[in-house]
Peer 1: 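Got a structure for you, questions after.
Here the structure is a predicted model, which is why all the values come from computation and not from measurement. Below, chains carry the letters A, B, ... as their sequence lines are ordered, and counting in each starts from 1.
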Amino acid sequence: MPNHWLFKTEPSVYSFQQLQKDKKTVWDGVANNLALKNLKDIKKGDLVFIYHTGDEKAAVGVAKALGGAYPDPSKNDPKLLVVDVEAGKPLAKPVTLAEVKAHPKLKNFDLVRNSRLSIMKVTDEQWEIMEGMGNSK
DNA sequence: GCCAACGTTGGC
DNA sequence: GCCAACGTTGGC
């Protein structure tokens with residue numbers, strides 16, 4: 001059973017659409033300690049929601065980890081990790097932050113609780129709820 | 001544009 | 001090693 005995650009990104013910097021165009025990318029720029037700790041737990045085949053901050057504030061698509069985290073080759077710091085991901089399916093309908101907040105079972109989702117965390121674990125239940133919202137009308 | 005929440009830094 | 005000050009992030 002793959003684990004589930006959520007990556008935040010500023011769409012003007014790197015969007016899900018860009019990832020779809022690239023097919024895969026190296027997810028870098030993670031500096032936050034807790035985010036790095038989460039990143040370390042990512043395994044090949046894990047599924048990831050891509051969430052756009054800024055004007056959109058919504059999960060827009062899914063990506064898949066191509067492997068575990070490894071130190072950023074372009075940096076000189078072994079603590080700065082990156083992970084390879086490939087584009088998956090876009091959600092039929094983006095799941096907005098407002099919808100997540102409105103859902104009683106997503107109340108203690110890290111996305112709501114700690115808005116500044118850029119990489120977080122998503123429980124199976126949270127994943128299923130979000131997927132349900134994203135793929136139904 | 002503002003501000004709350006959180007992380008990091010640096011002085012002690 | 002503590003904690004105040006500062007910077008950054010992201011939602012509003």
Peer 1: Within the structure shown, what part of the strands sits under 4.0 Å from A:L34 by heavy-atom distance: base, sugar-phosphate, or nothing?
Peer 2: nothing
Peer 1: Can we say A:K23 and A:E86 salt-bridge, meaning some charged N sits less than 4.0 Å from an Asp/Glu carboxylate O?
Peer 2: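 Not counted as a salt bridge, because no side-chain N and carboxylate O are separated by less than 4.0 Å.
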Peer 1: What does the B/S/- profile of nucleotides 4-9 of chain C look like, 5' to 3', with a 4.0 Å heavy-atom cutoff to protein?
Peer 2: ---BBB
Peer 1: When the distance from CG of A:L6 to P of C:dG10 is rounded to whole Å, what number comes out?
Peer 2: 12 Å
Peer 1: Taking the side chain as every heavy atom from C-beta outward, state whether A:F7 and A:S118 have any pair of such atoms under 4.5 Å apart.
Peer 2: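 No, too far: nothing below the 4.5 Å cut-off.
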Peer 1: Considering only heavy atoms from C-beta outward, does the side chain of A:D41 approach that of A:N3 to under 4.5 Å?
Peer 2: no
Peer 1: By a strict heavy-atom criterion of less than 4.0 Å, which residues belonging to residues 9-17 of chain A are in contact with DNA chain B?
Peer 2: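 Those residues whose heavy atoms fall under 4.0 Å from DNA chain B, taken from residues 9-17 of chain A, amount to none.
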Peer 1: Does the side chain of A:Y14 pick up a donor-acceptor pair with the side chain of A:D22 at under 3.5 Å?
Peer 2: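 Per modelled atom types, A:Y14 and A:D22 side chains form a pair under 3.5 Å.
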Peer 1: Does a side chain donor of either A:H4 or A:D46 reach within less than 3.5 Å of an acceptor in the other side chain?
Peer 2: no
Peer 1: Is A:E56 reaching over with its side chain to a backbone N or O of A:T53, donor-acceptor style, under 3.5 angstrom?
Peer 2: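 Absent.
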Peer 1: What I want to find out is whether A:E99 reaches A:K57 closely enough, with some N-O distance under 4.0 Å, to be called a salt bridge.
Peer 2: no
Peer 1: Could you work out the complete set of other residues in the hydrophobic cluster of A:V82, with links drawn between I, L, V, M, F, W and Y side chains under 4.5 Å apart?
Peer 2: A:V26, A:Y70
Peer 1: To the nearest angstrom, how far is A:D110 atom CG from C:dG11 atom C1'?
Peer 2: 16 Å
